[in-house]
Amino acid sequence: MTNPSIETNHTSPIHGDVVIRTENVSIYYGSFQAVRNVFLDIPKNRVVAFIGPSGCGKSTLLRCYNRLNDLIPGARVEGKITYQGVDLYDPKVDPVEVRRRIGMVFQRPNPFPKSIYENIAFGARVNGFKGDLDELVERSLRGAALWDEVKDKLKESGLSLSGGQQQRLCIARAIAIEPEVILMDEPCSALDPISTLRVEDLINELKQQFTIIIVTHNMQQASRVADYTAFFNAEAGETGSRFGYLVEYAPTEQIFNAPQQQATQDYVSGRFG
Amino acid sequence: MTSPPITAHQTENLIDSSQKFNPTRLVDRIFKVLSLLLALSIGFVLLWITYSLLGIAFPAIAQFNLGFLTSQAWDPVQDLYGALPQIYGTIVSSIIALLFAVPLGVGVAIFLSENFLPQKILTPIAFLVELLAAIPSVVYGMWGIFVFIPFILPVLQFIHQLFGWIPLFSTSPSTRQMFATAMVLAIMILPTIIAISRDTMVSLSPALRQGAYGLGATRWETITRVLVPAGLSGIIGSVMLALGRALGETMAAAMLIGNANRINVSLFAPASTISALIANQFGEASGLQRSALFYQALILMIITLIVNMLAEVIVSRFQQVE
């Protein structure tokens with residue numbers, strides 16, 4: 001579990017332990033290059049936001065961190081992604097184990113059509129959890145700030161909850177498997193402003209325990225929750241198809257107040273396009 | 001974008017136009033009446049059939065009452081009739097058919113809905129499965145007599161030798177028998193189970209699958225603990241529809257089951273089903289015998305009605321979850 005000390009040849013803004021290291025990563029769908037040459041280090045117990053226009057590959061990159069892109073036929077990763085020093089795409093690495101360590105919350109709340117209790121217990125059960133399931137369910141729901149709202153109806157369907165509650169249920173479900181990293185793919189895009197604020201508060205609390213990477217279209221959200229922000233942009237390549245690339249990665253304050261790149265400046269000030 | 005105030009002239013137009021003759025509106029009205037008549041005629045046909053069944057079956061109903069359901073007699077000479085062997089045969093053959101067809105059909109449905117194989121291979125397989133439903137049942141019957149039963153008989157003989165002490169396999173396999181008939185029925189109802197279950201599985205949100213994988217579930221766990229439970233009502237619906245078909249299947253059953261008017265615990269012995277009995281005796285039946293056949297038909301209709309209603313209830317519950 002020890003971390004290699006920082007020795008990157010790319011200028012990294014990160015101080016402290018690196019959990020995930022992205023080294024010269026390009027991602028392809030068949031022959032289409034979706035993401036090009038990304039270098040990006042994710043610091044431990046921090047929130048990193050990925051921002052950028054649609055089609056810039058930020059979700060694509062996110063899904064490589066837990067190998068969820070494996071499910072898409074033709075998806076391919078070049079370069080190296082290491083987690084705690086281990087190459088995630090080493091043939092010996094079991095993607096199922098990766099996903100247990102690196103949890104995920106999706107764009108739209110996707111609770112299982114099971115009871116609230118079973119939604120939380122699912123991850124624990126498939127991972128061979130031997131402890132007190134009731135206790136785990138309560139702890140996870142408390143962790144996701146949902147316990148008080150659902151403690152009297154744990155047997156009801158997860159689908160009976162409101163959208164915001166469903167998303168917090170999905171967060172509870174993710175933290176129940178006790179991952180080290182949680183990936184969030186636009187977790188608030190389907191939520192109303194009040195639910196969004198609650199989830200953001202939750203993210204701020206969760207970073208005590210977890211490393212969080214959040215993809216968002218909402219720049220205020222990035223500035224509110226993230227310690228570091230990575231700005232991605234899309235550009236037409238030689239063949240005319242658009243690929244995404246990392247423009248700038250820095251502490252969030254710097255991205256929003258003193259970006260080094262003109263493209264970042266244009267995007268965060270809303271003068272994009 | 002301010003709209004001008006509505007003038008008196010315009011409102012006048014509005015009222016006027018409905019008074020005027022308008023061919024489009026007439027067609028509209030005719031179409032509405034026509035649709036209503038057609039819709040009503042469906043209900044009418046159903047009522048008509050039920051009414052005639054009841055009418056022709058009435059002498060037998062009056063004679064035997066509910067005792068018909070529990071009597072094993074079928075004696076045209078003494079005019080004594082009962083339906084128990086047929087009810088038993090109908091239900092047992094259908095249940096055995098389900099025992100084969102459900103695991104196989106659901107398994108194939110899952111296989112076809114996952115990306116085990118490239119789409120280029122999956123599409124022809126799905127098409128072949130649907131072709132299975134297009135084979136006429138008399139063809140199934142002939143195939144059963146000349147090919148399938150001779151083929152399966154040695155296997156059944158082997159089971160009989162090995163497990164003959166179990167009453168279910170206690171008789172030497174006959175060339176016309178319940179068990180082999182049920183297996184042919186199973187093949188006949190497979191396409192129903194596969195097609196509907198597969199549609200259900202395919203229609204499940206990809207988010208469910210991703211959610212399960214994202215929590216570190218394997219493919220097996222994702223299928224068995226998330227996808228199948230999520231699609232369960234649809235799968236059960238397909239099974240009920242298949243059961244409805246197995247219960248009513250006439251031609252193949254009449255050709256294969258042996259039409260023995262008795263209940264034999266052994267599945268390897270000849271038996272009978274309601275539809276097989278009707279198909280066999282209907283031609284020369286008259287009087288009370290014909291009435292008893294209609295009574296049997298009525299019973300079959302009620303059984304399938306119950307099955308279909310159950311299917312309806314389950315499928316609608318599934319749609320509520322969605």
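Computed from a predicted structure; not experimentally measured. Below, all heavy atoms of this structure are taken into account, side chains as well, without hydrogens, waters or symmetry copies. In what follows, every chain begins at residue 1, and chains take the letters A, B, ... in the order their sequences are listed.
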*Which pairs count as ring pair (Phe, Tyr, Trp, His ring centres under 6.0 Å) when at least one residue sits in residues 108-134 of chain A, sequence neighbours excluded?*
A:Phe112-A:Phe122

*Part of A:Arg173 lying under 4.5 Å from any heavy atom of chain B*: both

*Evaluate whether atom CZ of A:Arg139 has more than 12 neighbouring non-hydrogen atoms of other residues, nucleotides or ligands under 6.0 angstrom away.*
yes

*Side chain, backbone, both or neither: which part of A:Ile102 has a non-hydrogen atom closer than 4.5 Å to chain B?*
backbone

_A:Lys80, NZ: over 12 other non-hydrogen atoms inside 6.0 angstrom_ = no

_Side chain to side chain, B:Gln210 and A:Arg63, heavy atoms closer than 4.5 Å_ = yes

_For B:Phe116, is the CZ atom crowded, meaning more than 12 foreign heavy atoms sit under 6.0 Å from it?_
yes

_Nearest heavy atoms of A:Lys114 and B:Arg225, plus distance in Å_ = NZ-O, 2.5 Å

*Rounded to the nearest 0.5 Å, how far apart are CZ of A:Arg100 and CG of B:Leu215?*
10.5 Å

_Please determine whether the number of non-hydrogen atoms from other residues, nucleotides or ligands lying under 6.0 Å from atom CD of A:Glu78 exceeds 12._
yes

*Would you find a donor on one side and an acceptor on the other, under 3.5 Å apart, between the side chain of A:Asn110 and the backbone of B:Leu208?*
no

*Sort A:Pro95 into side chain, backbone, both or neither according to what part of it lies under 4.5 angstrom from a heavy atom of chain B.*
neither

_How about CZ on B:Phe151, more than 12 heavy atoms from neighbouring residues, nucleotides or ligands closer than 6.0 Å, or not?_
no

_Options A:Leu68, A:Asn66, A:Asp70, ranked by heavy-atom pairs under 4.5 Å with chain B, top entry_ = A:Leu68

*Once you round to the nearest 0.5 Å, how far does CG of B:Asn115 lie from CD1 of A:Ile72?*
11.0 Å

*Quick one: pull up CD in A:Glu97 and OG1 in B:Thr218 and give me the separation to the nearest 0.5 Å.*
12.0 Å

*Side chain, backbone, both or neither: which part of A:Ile177 has a heavy atom under 4.5 Å from chain B?*
side chain

